[in-house]
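Scroll down for the structure; my scribbles are underneath it.
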Amino acid sequence: MLQGTNKDKIYELFSDKFFEVTNKDQLDKLISDSQQEYGIIKENNLEHWETLVVKGSNSKKRVSSHL
């Protein structure tokens, strides 16, 4: 499923800090398991994006965008 340079391109999406706690074999297994359960992604489109910003002890701001 993950082959050659596809792996390298996927690895580029993750920071060094990510790989300090998750090794590449674990990431490969997660992706492989996901592909087996849900199938290989044929295309990708971002239809909804949302984030939550928390500052201080009780302050929240929600940012949302529908594309």
Please set out all donor-acceptor pairs under 3.5 angstrom arising from side-chain atoms of residues 13-23, sequence neighbours excluded.
{"unit_1": "Ser15", "atom_1": "OG", "unit_2": "Lys17", "atom_2": "N", "d": "3.3"}
{"unit_1": "Ser15", "atom_1": "OG", "unit_2": "Phe18", "atom_2": "N", "d": "3.2"}
{"unit_1": "Asn23", "atom_1": "OD1", "unit_2": "Asp25", "atom_2": "N", "d": "3.0"}
{"unit_1": "Asn23", "atom_1": "OD1", "unit_2": "Gln26", "atom_2": "N", "d": "2.8"}

Under 3.5 Å, is there a donor-acceptor pair between the side chain of Ser32 and the main chain of Asp28? no
Looking only at the side chains, is there a donor atom on one of Tyr38 and Asp33 sitting less than 3.5 Å from an acceptor on the other? no
Which residues pass the salt bridge (Lys or Arg N to Asp or Glu O under 4.0 Å) test with Lys24, not counting sequence neighbours? none
